[in-house]
Amino acid sequence: MSDAAADPSAIVSTVALTQRFGSTVAIDALDVCMRPGITGLVGANGAGKTTLLSALLGLRPPTSGSATVLGLDPRSQGAALRAKVGFAPERDVLPDEMRAVDFVRHLAQVRGLPRSEARTRSSDSLWLVGLGEERTRTLGTMSTGQRQRVKLAQAIASDPELVLLDEPTSGLDPTQRSEMLTLIGEISSEYSVSVVLSSHLLEEVERVCDHIVALDAGHLVADGPIEELIGDGDGITLELVDIAEPAGTVDVVESTLRLGGIEVERVGTTLRLGGSDPDELSDRVRDAVADAGARIRRLEARRRTLADLFEVSAV
Ligand code: ATP
């Protein structure tokens, strides 16, 4: 776990941050540390992602604990902080009658940009998200995908150092999701903007993020660089066929491997084995299979994923 308070490279840190709503503990004594780059804030629905983002923006005072965002305290320096931090909420909050370019300009001005600069930047940011041609359309005439892009455009229009994006792919089809993630990645790297992207989809986070903060029912369950959390990613998936007595032989192989200290996860006749040296693991598997008189149908190395780490399947 990160020592959030002591890390000078942190762009966001929290110490024992807690938010209660009546008897619900939405976030519980969170110590998190986010560094420059793209951080995936991941967790199932209700895990506390939106509550954490709100606390980081200073939109609601926490029940206890503290947060620091870009060196500022959201409770006492909320206005200064919101001038440096862009935000796109999960909810669809776009006013239907307003033109996209006016909406983005208005919010850029609210965040402190002079009128003429806000006008230029609103136009630029709409071009950047691929809505240049559409910028004078009213928001009510736009598709879900276009509206998500408008939310992204307003988040980046005031030239922030950090943007907080709450479920930016919500409501999008797989192609649109992929395009949105690519766009977020490009904006972050080309403009050196750090991003905190909340999502309940592990594969999304894995694809675009450098770090993750994972929440479960308000508790922190993981915090760190994705590569470090997944490890060097080696593992073997083994599928066996035992002609004579399928279940029995798989049992024998499974227990031999377990007794040999190998991590084994079993799904039907498939054994998923954890290990950092695929060649060594493969040899031991072949020996165990031969001793049991079984036959291997498929033996393949596969990279570990965040879904393996959390033992949940991505939705
Ligand atoms: P989702 O992806 O569904 O938005 P989330 O991870 O963002 O989920 P939160 O919206 O932060 O989760 O909610 C965390 C918990 O706090 C939930 O149990 C939710 O019902 C509760 N909660 C959030 N806001 C409030 C509120 N204003 N009043 C009462 N309970 C709330």
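All ligand and atom numbering here is 1-based and tracks the order in the structure. The basis for the numbers below is simple: all heavy atoms, side chains too, and nothing from hydrogens, waters or symmetry mates.
- Salt bridge Glu134/Arg137: present, at least one basic N to carboxylate O contact under 4.0 Å.
- For the pair Arg119 and Asp102, the salt-bridge criterion is not met [side-chain N within less than 4.0 Å of a carboxylate O].
- Both Leu30 and Leu59 belong to a common hydrophobic cluster when Ile, Leu, Val, Met, Phe, Trp and Tyr are linked at side-chain heavy-atom distances under 4.5 angstrom.
- Under a 4.0 Å N-O distance rule, the pair Glu203/Arg177 does not qualify as a salt bridge.
- In Thr51, the parts holding a heavy atom less than 4.0 Å from any atom of ligand 1 are both the side chain and the backbone.
- Looking from atom 31 (C) of ligand 1 to the surrounding protein, the closest heavy atom is Phe21 CD1, 3.2 Å.
- Residue Ala26 places no N or O, backbone or side chain, under 3.5 Å from any N or O of ligand 1.
- Residues Arg111 and Gln154 have side chains that bring a donor and an acceptor to within less than 3.5 angstrom of each other.
- Heavy-atom contacts from other residues, nucleotides or ligands closer than 6.0 Å to CD of Glu133 number 12 or fewer.
- Between Asp124 and Arg121, none of the side-chain N atoms (NZ, or NE/NH1/NH2) sits under 4.0 Å from a carboxylate O, so this pair counts as no salt bridge.
- Distances from ligand 1 to the non-hydrogen atoms of His200 include no value under 4.0 Å.
- Proximity of a side-chain donor or acceptor of Gln146 to a complementary backbone N or O of Ser143 within less than 3.5 Å is detected.
- Looking only at protein heavy atoms, the nearest one to atom 17 (C) of ligand 1 is Gly46 O, 3.9 Å.
- Using a 4.0 Å cut-off between a side-chain N of Lys or Arg and a carboxylate O of Asp or Glu, Asp166 and Lys49 do not qualify as a salt bridge.
- In this structure, atom 19 (C) of ligand 1 has its sub-4.0 angstrom surroundings free of protein heavy atoms.
- In this structure, Gln19 does not count as a contact residue of ligand 1, since none of its heavy atoms falls inside 4.0 Å of the ligand.
- Residue-level proximity to ligand 1 for Ala44 is carried by the backbone, the only part with a heavy atom below 4.0 angstrom.
- Nearest protein neighbour of atom 4 (O) of ligand 1, counting heavy atoms only, is Glu90 OE1, 3.2 Å.
- Listed by number with element, the atoms of ligand 1 under 4.0 angstrom from any heavy atom of Ala47 are 5 (P), 6 (O), 12 (O).
- Nearest protein heavy-atom neighbour of atom 12 (O) of ligand 1: Gly48 N, 3.2 Å.
- Residue-ligand proximity, Glu167 to ligand 1, at heavy-atom distances under 4.0 Å covers atoms 2 (O).
- Of all protein heavy atoms, the one lying nearest to atom 10 (O) of ligand 1 is Thr50 CB, 3.7 Å.
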